[in-house]
Amino acid sequence: MLDLKFIRDNRNLVRNGAEAKGITISLDEIFILDDKRRALIQEGDALKAKRNLVSAQVGKIKKQGGDAGAVIAEMESVKNRIQEIDPEIRDIELNLNSLLLTVPNVPHPSVPIGKTPADNKEIFRWGEMLITDFPLKPHWELTEKLGIVDFDRGAKVSGAGFPFYVGKGATLERALINFFLDQATERGYKEIMPPIVVNEDSARGTGQIPDKEDLMYIVERDKLYMIPTAEVPVTNFHREEQLNEKDLPIRYAAYTPCFRREAGSYGKDVRGLNRLHQFDKVELVKFVHPSKSYDELESLRQDAEHLLQLLGLPYHTLLMCTGDMGFTQSKKYDLEVWAPGQQKWLEVSSCSNFESFQARRMNIKFRPGNGGKSEIVHTLNGSGLALPRVVAALTEHYQTPEGKVIIPKALHQYTKFEVIG
RNA sequence: GGAGAGGUGCGAGAGUGGUUGAAUCGACCGGUCUCGAAAACCGGAAUAGCCGCAAGGUUAUCGAGGGUUCGAAUCCCUCCCUCUCCGCCA
């Protein structure tokens, strides 16, 4: 959420930002409530000041054995008015708060204005799209023939979108996880393995509830939420904490399974490994000094890109336009890997700077080294990387005319085999 | 599931009705000492809202909500959370 004062002082910026994201908000209502709130606070505080003063006098009078009855009676009306005002203020603040949650983060000036994915800007392209003299197969044909991913039994046991990885497929999955984690560690991230269900407070902290509940599997009975991404537990790791400035930046890399209901997204891009209900992902999360967050976004993006380069998979990087970037981000890059068997770009990473938007809601601050007032940290996260689509692109890119899959060199030490099939 | 203990500032941890916004220690900031640093010593500093150009003033905050009282961290009620022991399970 944004700071109310910031909204007050930058109403046009906030209004235009929301409009660019295609989100309708009502700032006027916020300002009306805020004015009311402040008026009531002023009245209430004055009355309370009076009450405190008088009650000190009462103490003195009683100590001297005098009769404070008259003064106490006089306070009756003050007391009553305070009892009217306080609940009213609380009511207004509750309202105000839920309105504040409807105000989206302001896009960074470098973000292109746009409405649809077509307005995203390709800022980088790496690798050669594969051209072959034999017809390329999509990964679902390859994996089925090789027996490394079993969608049918997954559907039987759990449902569509819950595949089994089998044999070398399972090993490949495990190899990629280890490879990603090792690379992250080498680049300065601390490995962390979080719980994969979280409580309500955590789900609220990163903004999964109240409005993205439909995306999640919920363990109703225990009020627990299965995480849609490691971002949720890892960002909440420091919720309600005051960090030391000298500890910043804090960088974490976490592997978790991720669970997504994907309600309403059936029918498009759902073949094979393109869209699953459960998938593996290594997530990179950063807590940084506000002055460094855009530098950290660039390095985050490069950390993710580096993985695709080591795997030798062609990809491009998109700077997301205002309309396609989401509610909480101020700037976001998507990495898309080229899947030649489907002739499609597949999103494998999304790297975002949230500035103070998440951290304010979670109350994560740091105390500056010079002894000044504590400030809200900036948070960022990005996938590094989401596995299934990497497996999809990898099998399609490294397939042979006979339907085998060559394992890229970077993974050999992890797989202990160099070819599948 | 059964029984008990506890939730206080950045952290540890005192405090059972009236200068307690809160002892003490640590972390932090400033200074003395030093070529420099460490140690030692001295000093500073809670967070948030509101008013104010500022200095400053004022209100709230000791898990959350309510109650008693002129006055509550301190007494009463409800709820939430954590820990320990027992049982069950990995």
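Below, chains carry the letters A, B, ... as their sequence lines are ordered, and counting in each starts from 1. This structure is a prediction, so every number in the text was calculated from the model and none was measured.
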*Centre of A:Y333's six-membered ring, under 6.0 Å away, within 45 degrees of the axis: is that where NZ or CZ of A:R301 sits?*
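Yes, A:R301 lies over the aromatic ring of A:Y333.
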Atom pair distance, as rounded to whole Å: [atom1] in [X] and [atom2] in [N]:
| X | N | atom1 | atom2 | value |
| --- | --- | --- | --- | --- |
| A:I92 | B:rG49 | CD1 | C1' | 14 Å |
| A:K48 | B:rC50 | NZ | C1' | 11 Å |
| A:L224 | B:rC81 | CG | P | 11 Å |
| A:E241 | B:rA12 | CD | P | 11 Å |
| A:Q242 | B:rA46 | CD | C1' | 10 Å |
| A:L4 | B:rC50 | CG | P | 7 Å |
| A:L47 | B:rC51 | CG | C1' | 15 Å |
| A:E240 | B:rC62 | CD | C1' | 16 Å |

Answer yes or no: does a side-chain N or O of [X] lie under 4.0 Å from OP1 or OP2 of [N]?
| X | N | answer |
| --- | --- | --- |
| A:K365 | B:rA48 | yes |
| A:R367 | B:rC29 | no |
| A:R37 | B:rG49 | no |
| A:Q42 | B:rC51 | yes |

Rounding to an integer number of angstrom, what distance separates [N] and [M] when you compare their [atom1] atoms?
| N | M | atom1 | value |
| --- | --- | --- | --- |
| B:rG26 | B:rU20 | P | 23 Å |
| B:rA60 | B:rG6 | P | 29 Å |
| B:rU69 | B:rC50 | P | 33 Å |
| B:rG4 | B:rU74 | C1' | 23 Å |
| B:rC76 | B:rU16 | C1' | 14 Å |
| B:rG30 | B:rA45 | P | 15 Å |
| B:rG36 | B:rA12 | P | 37 Å |
| B:rU8 | B:rG87 | P | 31 Å |

Complementary nucleotide for [N] - Watson-Crick or wobble, under 3.5 Å:
| N | result |
| --- | --- |
| B:rC83 | B:rG4 |
| B:rG30 | B:rC42 |
| B:rG9 | none |
| B:rU58 | B:rG49 |
| B:rA37 | none |
| B:rU78 | B:rA64 |
| B:rA22 | none |
| B:rA72 | none |

*First encountered from the 5' end of RNA chain B, between A:I41 and A:A46*: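 Nearest nucleotide further toward 5': that of A:I41.
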*Given RNA chain B, 5'-ward residue of the pair A:N244 and A:D34, judged by closest heavy atom*: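 That would be A:N244.
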*Just by distance, with hydrogens left out, do A:R271 and A:N274 show a side-chain donor and acceptor under 3.5 Å apart?*
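On atom types as modelled, these side chains do not qualify, holding no pair under 3.5 Å.
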*Taking atom types as modelled, find out whether A:N105 and A:T328 have a side-chain donor-acceptor pair closer than 3.5 angstrom.*
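Note: A:N105 and A:T328 side chains miss the donor-acceptor criterion.
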*Quick one: label A:R360 by what it contacts on the DNA or RNA (base, sugar-phosphate, nothing), any heavy atom closer than 4.0 Å.*
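Nothing: the residue A:R360, judged by heavy atoms under 4.0 Å, touches no strand.
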*Which part of the nucleic acid, if any, lies within reach of A:K223 when heavy atoms closer than 4.0 Å are counted: base, sugar-phosphate only, or nothing?*
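Contact class for A:K223: none.
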*Going by an N to O cut-off under 4.0 Å, is there a salt bridge joining A:K36 and A:E88?*
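Here A:K36 does not pair with A:E88 in a salt bridge, since their nearest N and O are not under 4.0 Å apart.
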*asked:* Less than 4.0 angstrom from a charged side-chain N to a carboxylate O is my criterion; do A:R38 and A:D34 meet it?
replied: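 Yes, this pair counts.
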*Expected output: side-chain A:H139 to main-chain A:L273 donor-acceptor under 3.5 Å*: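 Checking the backbone N and O of A:L273 against the side chain of A:H139, a donor-acceptor pair under 3.5 Å is found.
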_A:F354/A:E231 under side chain to side chain contact (heavy atoms under 4.5 Å, CB included): CA gap, chis, key distance, verdict_ = CA-CA 12 Å; A:F354 302 93; A:E231 167 195 344; 4.2 Å; yes
